[in-house]
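Let me begin by presenting the structure, written as structure tokens, before commenting on it.
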Amino acid sequence: MTFTRRTLLLAAAAASFAAAIPAFAAKPLVIGFSQVGAESEWRTANTASIKAAAKAAGVTLKFADAQQQQQNQIKAIRSFIAQRVDVIAFSPVVETGWESVLREAKNAKIPVILTDRAVNVGDQSLYVSFIGSDFVEEGRRAGHWLLDYAKKNPNKQLNIVELQGTTGAAPANDRKRGFAEVIAANPKLKIVRSQTGDFTRAKGKEVMEAFLKSEGKNINVLYAHNDDMAIGAIQAIEEAGLKPGKDIIIISVDGVKGAFEAMAQGKLNVTVECNPLLGPLLIKTAQDVVAGKPVPKRVTVQEGVYPADLAAKELPNRKY
Ligand code: GZL
């Protein structure tokens, strides 16, 4: 075979192999995602962000809604393992009870990324990265706003009722801790009732009705771990013939559109932002993990505090 003929044949072989590469390289990343549920405006925005980011990146997203039940998340994670997805990601509804299923994922060599909420595990190698907020800091910010508010009436006893998030959830545990840590500086601030409203409007209203029945006019402040429970409580306060935002000062967390609307109506005094737009960060982290690149163990997102006097101006800028 002459040199030219051999060269031509090699070039043709190389060309056909090169033509095959894009097909081989184009295998889309497959992520199994277990979402807490659809309990709040925040969660709706979080789900939309994750789905949009996956679509934009050409990632195949297997999405499971756990309806706020841990056993549904464990079932979904086991199903993702059986399907041999490339990456498992989830927002753990509560902090504990994950060791066993995360060990199954590790043994299957499928990396796990936590978004939004953290887990309490002894072995930190059970997940590669956490992407979300510092909930203790969010609680502190709520506490600092109340300390500043209390300075206007230094001798007034301020009785606080607290609507906690889902029992056992990291944002509930941490927002409670951060708030209590800060308000301890002022002995006139006292939490008189504290109960879970499960992060929903309906439960928030129901529990606030019970607070009003037992504490009545003794309530000066409501601290709600999310805007949805605060919005439910606002309905209960109005139905009791009181003025939310005036007779009862209301502090909440998330910064969803409903909170800005309530602040513009003078019914909510401040919301501490908790950023749900984690989709792009999640997809980038998953791509980096699969590509063998190092990823940070913890990525916390930037957030602010929005008192009512900023609400009207900020409302048009809100992305969720
Ligand atoms: C916080 C998130 C919480 C929100 C609630 O990151 O886990 O869950 O504050 C949502 O609105 O239900």
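We count ligands from 1, going down the list as the structure has it; atoms in each ligand are counted the same way. Quick caveat: nothing in here was measured; it's all calculated off a predicted structure. Values below: every heavy atom of this structure, side chains too, minus hydrogens, waters and symmetry copies.
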Are the ring centres of Tyr223 and Phe179 closer than 6.0 Å? yes

Does a donor on one side chain sit under 3.5 Å from an acceptor on the other, for Ser129 and Arg298? no

Any heavy atom of Arg175 closer to ligand 1 than 4.0 angstrom? yes

How far is atom 8 (O) of ligand 1 from its nearest protein heavy atom, and which residue and atom is that? Arg117 NH2, 2.7 Å

For ligand 1, which atoms, with element, lie under 4.0 Å from some heavy atom of Pro171? 7 (O)

For ligand 1, which part of Glu138 has a heavy atom less than 4.0 Å away: the side chain, the backbone, both, or neither? neither

Taking Glu238 first and then Lys267, would you say they form a salt bridge - that is, a charged N and a carboxylate O separated by under 4.0 Å? yes

Distance filter under 4.0 Å to Ser40 heavy atoms, resulting ligand 1 atoms: 5 (C), 10 (C), 11 (O), 12 (O)

Using distance alone, with no hydrogens and no angle criterion, decide if Gln164 and Thr196 have a side-chain donor and acceptor under 3.5 Å apart. no

Close-contact set for ligand 1 against Cys274 heavy atoms, below 4.0 Å: 1 (C), 6 (O)

Among all the protein's non-hydrogen atoms, which is closest to atom 4 (C) of ligand 1, and how far away is it? Asp254 OD1, 3.4 Å

Shortest protein contact, atom 12 (O) of ligand 1 (heavy atom only): Glu39 OE2, 2.5 Å

Return yes or no for this condition: an N or O of Trp42 is under 3.5 Å from an N or O of ligand 1. no

Selection from Asp116, Thr115, Leu278 by shortest heavy-atom distance to atom 1 (C) of ligand 1: Asp116

Centre of Tyr306's six-membered ring, under 6.0 Å away, within 45 degrees of the axis: is that where NZ or CZ of Arg318 sits? yes

Test: Glu162 and Lys176 ion pair at under 4.0 Å: yes

Judged by modelled atom types alone, do Gln83 and Lys62 share a side-chain donor-acceptor pair under 3.5 Å? yes

Any idea which atoms of ligand 1 are less than 4.0 Å away from a heavy-atom of Phe135? 1 (C), 6 (O)

Have Ser252 and Asp227 got a donor and an acceptor in their side chains that come within less than 3.5 Å? yes

